[in-house]
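Ligands are counted one by one from 1 in listed order, and the atoms in each one are counted from 1 as well.
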Amino acid sequence: MAIGHRQAVASEATVDLAPAVPSHVAVIMDGNGRWAAARGLPRLAGHRAGVQAVRRTIEAAIHQGVGWLTLYAFSSENWRRPATEVSDLTGLLRHFIKHELAELAREGVRLRIIGDRDRFDADIQAELAHAERTTTANTRLNLTVALSYGARGEILAAARKVAAEVAAGTLDPADLDEERFGAMLSTTGIPDPDLILRTSGELRLSNFLLWQAAYAELVFTDVLWPDFGAEQFAEALAEYARRERRFGARPG
Ligand code: FPP
């Protein structure tokens, strides 16, 4: 029989190949600006509403039993936006970390940051480090926030590490495999995403988790990020549950 959607029958035993609920959902949050423009509001209003959607999505992930949630909050390319918008976004981030961390920690959320955090102001870097440190023991939801993140930069940094280790004689190129290379990425210790979701109708990965996305199911929704919440999260999970995941295996 075909390697099933969720289950395959191996002799008598039923093997769960891909559970109905994805273990790791990664989200490209898009459409804040368009949401604001449609209401005649400044872009900042869209980003503020986007933060509320972040809260709703974290709650929804916990409620649905998703163990890992990764949010693309600021790309390495976002620094090219006008200085006022960059400052608005970093201000929202500062506020989010300072004021929402205690609640997240109470809910059992462990926070990790991926990306080039050195580009943020020193106080934000300190808050991020504090948030990561104080939530390490939490296990209910592993929340990763991608900040100043770009997948090509991440892969290049790992390639540089490989080159340095080979040059130092501590790594034989023949010993480099996917597992070892993956462990040099910023997502080391984080499982690959099962589902990557993008809002606002754009059909791109935009330099997000390119290595880790190898076998992810992609779900796109027209909903703008500030309108996203529990209902849309549940719809994305339902779409995921309908997909047949074969990881390159041949059906038959
Ligand atoms: C894309 O909308 C969204 C962003 C560039 C930033 C996402 C940020 C947030 C949701 C708020 C901050 C998050 C945290 C965790 C504090 P866009 O501005 O590109 O929208 P557009 O494509 O409609 O212009």
Side-chain angles (χ1 to χ4, degrees), residues 25-62 68-105 107 109-117 119-121 123-132 135 141-151 186 196-209 220-230 232-233 236:
V25 178
V27 188
I28 303 174
M29 309 182 287
D30 197 8
N32 294 352
R34 275 162 285 167
W35 182 93
R39 288 161 180 75
L41 296 170
R43 292 178 65 81
L44 174 57
H47 293 316
R48 278 205 183 112
V51 176
Q52 297 310 311
V54 166
R55 270 236 60 99
R56 292 194 294 272
T57 304
I58 292 170
E59 299 295 339
I62 292 173
W68 299 80
L69 178 69
T70 298
L71 301 175
Y72 201 7
F74 196 94
S75 75
S76 38
E77 291 76 25
N78 284 155
W79 293 109
R80 293 193 212 125
R81 293 195 177 195
T84 49
E85 186 172 355
V86 168
S87 151
D88 286 345
L89 282 167
T90 53
L92 283 176
L93 173 66
R94 180 181 280 116
H95 189 271
F96 183 83
I97 298 286
K98 277 192 178 155
H99 298 275
E100 307 249 359
L101 176 71
E103 179 58 25
L104 290 179
E107 290 174 21
V109 175
R110 174 174 181 176
L111 182 76
R112 289 178 178 82
I113 305 297
I114 55 170
D116 186 5
R117 65 178 78 197
R119 291 188 70 176
F120 291 96
D121 290 343
D123 71 306
I124 293 184
Q125 290 183 43
E127 291 286 347
L128 294 174
H130 171 74
E132 286 180 312
T135 61
L141 176 71
N142 288 279
L143 173 66
T144 302
V145 181
L147 291 171
S148 190
Y149 173 85
S186 63
I196 296 182
L197 167 68
R198 182 171 190 150
T199 58
S200 90
E202 305 290 344
L203 309 178
R204 288 186 294 280
L205 284 180
S206 296
N207 206 12
F208 185 48
L209 301 179
F220 300 98
T221 170
D222 287 337
V223 171
L224 301 175
W225 178 250
D227 291 327
F228 195 86
Q232 292 75 20
F233 193 79

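Heavy-atom contacts of N78 reach the following atoms of ligand 1: 5 (C) (cutoff under 4.0 Å). Less than 4.0 angstrom separates some heavy atom of F96 from each of these atoms of ligand 1: 16 (C). Which parts of ligand 1 touch R43 is read off a 4.0 Å heavy-atom cut-off, strictly below it: atoms 17 (P), 18 (O), 24 (O). The contact set between ligand 1 and H47, taken as ligand atoms under 4.0 Å from a residue heavy atom, comprises 11 (C), 18 (O). Taking every non-hydrogen atom of M29 and a distance limit under 4.0 Å, the qualifying atoms of ligand 1 come out as 1 (C), 3 (C), 10 (C). In summary, the atoms of ligand 1 found under 4.0 Å from a heavy atom of G33, numbered by their order in the structure, are 17 (P), 18 (O), 20 (O), 21 (P), 23 (O), 24 (O).
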Practice prompt. Test W225 against T57 for side-chain contact (heavy atoms from CB on, under 4.5 Å), laying out the working first.
Written response: CA-CA 10 Å; W225 178 250; T57 304; 3.2 Å; yes
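Atoms CH2 and CG, on W35 and L41 in that order, are 6.0 Å from each other to the nearest 0.5 Å. Rounding to the nearest 0.5 Å gives a distance of 7.0 Å between OG of S75 and CZ of R81. Atom CD1 in I97 sits 10.0 Å away from atom NE2 in H130 (nearest 0.5 Å). Here the CZ-CD1 distance, from R119 to I124, works out to 13.0 Å after rounding to the nearest 0.5 Å. Taking CG of L89 as the reference point, atom CG of N32 lies at 8.0 Å (rounded to 0.5 Å).
For ligand 1, the polar-atom distance check finds no N/O of G50 at less than 3.5 Å from any of the ligand's N/O atoms. Considering backbone and side-chain N/O atoms, D30 comes within less than 3.5 Å of an N/O atom of ligand 1. Below 3.5 Å of separation, one finds no N or O of W35 facing any N or O of ligand 1. Looking at Y72 next to ligand 1, no N or O pair under 3.5 Å apart turns up. Taking distance alone, with nitrogen or oxygen atoms compared against 3.5 Å, W225 stays at or beyond that limit from ligand 1.
Of the options R34, E77, R81, the smallest heavy-atom separation from atom 17 (P) of ligand 1 is shown by R81. Looking at P226, A73, A146 and measuring to atom 8 (C) of ligand 1, the nearest heavy atom belongs to A73.
A ring pair (Phe, Tyr, Trp, His ring centres under 6.0 Å) check over residues 74-94, counting only residues at least two apart or in different chains, returns the pairs F74-W79, F74-F120, W79-F120.
Closest to atom 9 (C) of ligand 1 among all protein heavy atoms lies N32 ND2, 3.8 Å.
Between R56 and D227 the shortest heavy-atom distance is NH2-C, 4.0 Å. A36 approaches P42 most closely through the heavy-atom pair CB-O, 3.3 Å.
Heavy atoms of V51 come nearer than 4.0 angstrom to ligand 1 in at least one pair.
Scanning for side chain to side chain contact (heavy atoms under 4.5 Å, CB included) contacts around S76 gives N207, with sequence neighbours left out.
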